Amino acid sequence: MSRAFVKDDAWEDPVVAPRAPLPPGAPNYVTPHGLALLQAEMHELEAARAALEADVALDDGVRRRRGSVVTQRTRELADRLATAQVVDPRTTAAGTGATVRFGATVTLRTVAGPAAGEVERLQVVGVDEADPERGSIAFLVPLAQAILGKRVGDTVRFRTAGGERTLEITVVEYAVEGDATQA
């Protein structure tokens, strides 16, 4: 049988999901925690490269493919680290009163629309540290854009797949490693 019809995993190119790009001209804001996460990821990649180079049992083809994956991820991460602009929420909070800025943890109450009465808490963070399931959203997403610059007591209309919601900002906090400033 021809090799063209046999699947051989050893010859497949590695698929590396690219890091989500920032829109052209968008700053790469990160919180101090986000910077620490990026730096920890870089250390993990450096350790993976060292382990790969030290593994004498690996076939050269496998080593090259795995090495290319690590190299690609390292390049993307190095670019993000080089462009990172650290915004400390404690500094952001200074002088803003109860205004929502980058790094803020915001409590929102749905006052009209689907899920009226629902309360959610989220933090506005950098693109690489966003994790909506854990309550952190990137400053570039529509919900973050809708609440940035608003104050406690302000309402915003926000359209979702389930319909339009009116959200009231009830609490704005700026916390870093246990230090909380609440407005």
Side-chain angles (χ1 to χ4, degrees), residues 1-92 101-106 120-148 158-162 173-180:
M1 180 184 292
S2 169
R3 295 291 301 161
F5 297 104
V6 177
K7 183 174 180 172
D8 185 355
D9 290 337
W11 291 101
E12 288 184 18
D13 290 329
V15 177
V16 179
R19 192 171 285 278
L22 290 168
N28 183 18
Y29 293 140
V30 296
T31 64
H33 176 70
L35 180 62
L37 291 174
L38 291 173
Q39 291 168 334
E41 184 179 349
M42 183 61 85
H43 290 301
E44 290 172 10
L45 288 171
E46 291 166 352
R49 175 171 305 290
L52 189 60
E53 291 170 359
D55 190 349
V56 294
L58 277 181
D59 172 80
D60 284 341
V62 172
R63 181 179 285 114
R64 276 194 303 274
R65 281 188 304 284
R66 289 181 184 172
S68 70
V69 169
V70 171
T71 298
Q72 183 177 348
R73 288 184 176 154
T74 301
R75 281 186 192 139
E76 291 172 353
L77 184 56
D79 288 344
R80 283 295 171 87
L81 282 165
T83 60
Q85 296 178 36
V86 179
V87 179
D88 188 331
R90 292 174 294 192
T91 304
T92 302
R101 300 276 183 239
F102 182 86
T105 299
V106 182
E120 61 186 311
R121 191 168 186 260
L122 54 89
Q123 183 180 20
V124 180
V125 297
V127 172
D128 291 308
E129 62 188 302
D131 185 353
E133 291 189 13
R134 292 181 172 238
S136 57
I137 60 171
F139 69 99
L140 295 171
V141 301
L143 178 56
Q145 291 293 302
I147 64 174
L148 285 169
F158 185 73
R159 184 169 303 281
T160 67
E173 300 173 284
Y174 292 89
V176 176
E177 299 172 21
D179 171 43

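Fair warning: this is a prediction, and the values are worked out from it, not measured in the lab. The first residue in the sequence is number 1, and the count goes up from there.
Under the 4.5 Å side-chain criterion, counting only non-hydrogen atoms from C-beta, Glu46 is not in contact with Thr74. Inter-residue side-chain proximity for Val70 and Arg66 is flagged as unmet; no heavy-atom pair is nearer than 4.5 Å.
Arg134 contributes atom CZ, which lies 15.5 Å from atom CG of Leu122 (distance to the nearest 0.5 angstrom). Atom CD of Gln85 sits about 12.0 Å away from atom CG of Leu35, to the nearest 0.5 Å. In this structure, the separation between CG on Asn28 and CG on Leu81 is 8.5 Å, given to the nearest 0.5 Å. Rounded to the nearest 0.5 Å, atoms CG (Leu38) and CD (Glu129) are 7.5 Å apart. Taking CG from Leu37 and CD from Gln39, the interatomic distance works out to 9.5 Å, rounded to the nearest 0.5 Å.
Heavy-atom minimum distance, Ala138 versus Ala144: O-CB, 3.3 Å. Between Leu77 and Met42, the closest heavy-atom pair is CD2-N, 3.3 Å. In terms of heavy-atom proximity, Thr31 sits nearest to Phe102 at CG2-CE2, 3.6 Å. What you find for Pro32 and Val87 is that their closest heavy atoms are CD-O, 3.5 Å.
A donor-acceptor pair under 3.5 Å is absent between the side-chain atoms of Thr105 and the main chain of Gln123, judged by distance alone. Between the side chain of Arg49 and the main chain of Leu45, no donor-acceptor pair closer than 3.5 Å is present.
With Leu143 as reference, Ile137 is the one residue of Ile137, Thr160, Val124, Val106 to meet the side chain to side chain contact (heavy atoms under 4.5 Å, CB included) rule.
Classified by interplanar angle (parallel below 30°, tilted 30° to 60°, perpendicular above 60°), the ring pair Phe139/Tyr29 is tilted.
A salt bridge does not link Arg73 to Glu41: none of the charged nitrogens lies less than 4.0 Å from a carboxylate oxygen.
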